[in-house]
Amino acid sequence: MKKFLISTALAALWSTAFAATLSMPATAFAAKLGVSIVNFDNNFQTLLMHGMQARAKEKGADIQVEDAQNDVAKQLDQVKNFIASGVDAIIVTLVDTNASKTISEEAAKAGIPLVFVNLEPVDMAKLPEKQVYVGSNEVESGTLEAFEVCKMLRAKGKSAGATAYIVMGSLVHQAALQRTKDVEQIFATDMCNFIKVTDKQSSERSRDNAQNLMTNWLTAGAAPDAVIANNDESAIGAILALKANGVDMKNVVVGGIDATQDGLQAMKAGELSVTVFQNAKGQGGGGVDAALALAKGEKVDRVVYVPFELVTPANAAEYLDKN
């Protein structure tokens, strides 16, 4: 009888404890994420990083961010170190999109989920399982920018003929190649073929390089009717050179991409004519969301696009706090 009472009491205790366990809230998935960013000195890449850090904090994830300093070998070493340290997922903004295959192979071999953010991997259509891309469709970016530049030049009475320079980004990035291709395709249409591109060169997305490039162009010839840059930093560099050489900015249409704070301030000053909002917070946060979902074994679309949005002086105020 005594044994029976003891057994009954233990059973009651176990039942109570089990019920209490069921009623406890589920513990959050505390994932560890490794992130390799192209370069902390790059304005937009820094915005992406902040977006990732904010979302990781919101989700209770541990995030370790490394600066690849525009070095392909350094970025690959960072990825290998993340793998060795046992992270649950890796996020990369590529120094060189052509290096994506090697990074992809390393992550796949280790069985660790990999998310490419912002800069498309060269083999995006063939990414292995547990690897995805989160960014924006670059076909939209240069197209929106170039078409608006075309419309603005027409409004200025330039439809009989206009000259333009294209300031390209880094030629090892798919984004720069696609954005330039977009511009050239728009300028080849019947509506916009009055615009003739005098030259196109890379600024490596740098304000200083773009300023030097524009200065050299101005030294060699007359001021253009338009400057179409692959990013806002390059557009601002071109603007600085134009102003330093006494060019009235009312006579030049300047386009950029990213809608950074500096770009929007240049627009407010009447110097940047058009830009295209690229949602850094959306891409960075989306990259973390994808990484966490993959780490938990959930299915994620291989490509997750965050739309581009046209920004002009008419709606610039709406974007002042978005990037």
Side-chain angles (χ1 to χ4, degrees), residues 37-54 93 117-119 135-138 140-153 155-156 164-169 175-176 179 182-183 203-211 214 226-244 247-286 306-323:
I37 295 287
V38 172
N39 189 347
F40 288 177
D41 290 337
N42 180 287
N43 193 327
F44 191 78
Q45 291 293 315
T46 300
L47 292 173
L48 284 169
M49 177 179 67
H50 291 163
M52 293 177 195
Q53 291 171 327
T93 67
V117 172
N118 182 243
L119 298 162
S136 298
N137 188 347
E138 292 297 348
E140 299 173 0
S141 58
T143 299
L144 288 169
E145 176 192 23
F147 189 62
E148 191 64 22
V149 167
C150 172
K151 285 168 41 179
M152 287 181 170
L153 287 172
K156 286 179 175 289
Y165 287 112
I166 299 177
V167 185
M168 303 175 69
R179 289 175 184 183
D182 296 340
V183 172
S203 67
E204 293 295 329
R205 300 177 63 87
S206 161
R207 183 183 300 198
D208 290 342
N209 289 347
Q211 184 173 359
M214 191 73 242
V227 178
I228 300 91
N230 281 175
N231 66 313
D232 284 353
E233 280 295 288
S234 295
I236 291 170
I239 288 168
L240 291 173
L242 289 164
K243 289 169 63 179
V247 177
D248 187 345
M249 294 309 301
K250 293 179 181 178
N251 297 328
V252 186
V253 174
V254 181
I257 294 175
D258 288 338
T260 62
Q261 289 300 306
D262 286 350
L264 292 171
Q265 290 304 316
M267 182 172 284
K268 185 177 180 181
E271 298 165 351
L272 183 65
S273 311
V274 57
T275 185
V276 181
F277 175 64
Q278 183 174 199
N279 194 332
K281 293 178 183 176
Q283 289 186 18
V306 180
F308 281 105
E309 301 171 37
L310 182 68
V311 182
T312 67
N315 67 345
E318 299 172 21
Y319 292 87
L320 286 173
D321 61 350
K322 288 191 176 183
N323 262 345

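- Atom-to-atom distance recorded for Leu264:CG and Tyr319:OH is 10.0 Å, nearest 0.5 angstrom.
- The closest side-chain heavy-atom distance from Ile228 to Val167 is not below 4.5 Å.
- Side-chain contact check for Gln278 and Asp258: at least one donor-acceptor pair (N or O, by modelled atom type) lies under 3.5 Å.
- Atom CG of Asn231 is separated from atom OG of Ser141 by 11.0 Å, given to the nearest 0.5 angstrom.
- Contact check for Asn230 versus Ile257: no side-chain heavy atoms found under the 4.5 Å cut-off.
- In this structure, CZ on Arg205 lies 13.5 Å from CG on Asp41, to the nearest 0.5 angstrom.
- Considering only residues two or more places apart in sequence or on other chains, Thr275 meets the side chain to side chain donor-acceptor pair (under 3.5 Å) condition with Asp232.
- Every residue was checked against the salt bridge (Lys or Arg N to Asp or Glu O under 4.0 Å) condition with Lys156, not counting sequence neighbours, and none meets it.
- Looking only at atom types and distance, the side chain of Gln283 has a donor-acceptor partner in the side chain of Ser136 under 3.5 Å away.
- Taken from CE in Met214 to CG in Asn209, the straight-line distance is 14.5 Å, to the nearest 0.5 Å.
- For Glu138, the salt bridge (Lys or Arg N to Asp or Glu O under 4.0 Å) test picks out Arg179, with sequence neighbours left out.
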Extract all donor-acceptor atom pairs below 3.5 Å that involve side chains of residues 43-50 and protein atoms in other chains or at least two apart in sequence.
residue: Gln45; atom: OE1; partner: Thr93; partner atom: OG1; Å: 2.7
residue: Gln45; atom: NE2; partner: Asn118; partner atom: OD1; Å: 3.2
residue: Thr46; atom: OG1; partner: Phe40; partner atom: O; Å: 2.6
residue: Thr46; atom: OG1; partner: Asn42; partner atom: O; Å: 3.0

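- Of the inter-residue distances, the one linking Glu140 atom CD with Glu145 atom CD reads 13.5 Å to the nearest 0.5 angstrom.
- Using a 4.5 Å cut-off on side-chain heavy atoms (C-beta onward), Met249 and Ile239 make contact.
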With side chain to side chain contact (heavy atoms under 4.5 Å, CB included) as the criterion, how do Val276 and Val311 come out once you've worked through the C-alpha distance, each side chain's angles and the decisive distance to 0.1 Å?
CA-CA 5 Å; Val276 181; Val311 182; over 6 Å; no
Which side-chain N or O atoms in residues 266-274 pair as donor and acceptor under 3.5 Å with protein atoms at least two apart or in another chain?
residue: Glu271; atom: OE2; partner: Lys243; partner atom: NZ; Å: 2.7
residue: Ser273; atom: OG; partner: Val254; partner atom: N; Å: 3.0

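- In terms of heavy-atom proximity, Ser234 sits nearest to Ala210 at O-CB, 3.2 Å.
- Residue Leu144 holds its CG atom at 13.0 Å from CZ of Phe277, rounded to the nearest 0.5 Å.
- At distances below 3.5 Å, at least one donor-acceptor pair connects side-chain atoms of Asn315 with backbone N or O atoms of Thr312.
- The side-chain heavy atoms of Val247 and Asn251, taken from C-beta on, include no pair separated by under 4.5 Å.
- Residues satisfying the side chain to side chain contact (heavy atoms under 4.5 Å, CB included) test with Leu240, not counting sequence neighbours, are Arg207, Gln211, Ile236.
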Dump the intermediate steps for side chain to side chain contact (heavy atoms under 4.5 Å, CB included) on Leu320 and Glu318, then the final yes or no.
CA-CA 6 Å; Leu320 286 173; Glu318 299 172 21; over 6 Å; no
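- A 4.5 Å side-chain heavy-atom check between Leu153 and Val149 finds at least one atom pair inside the cut-off.
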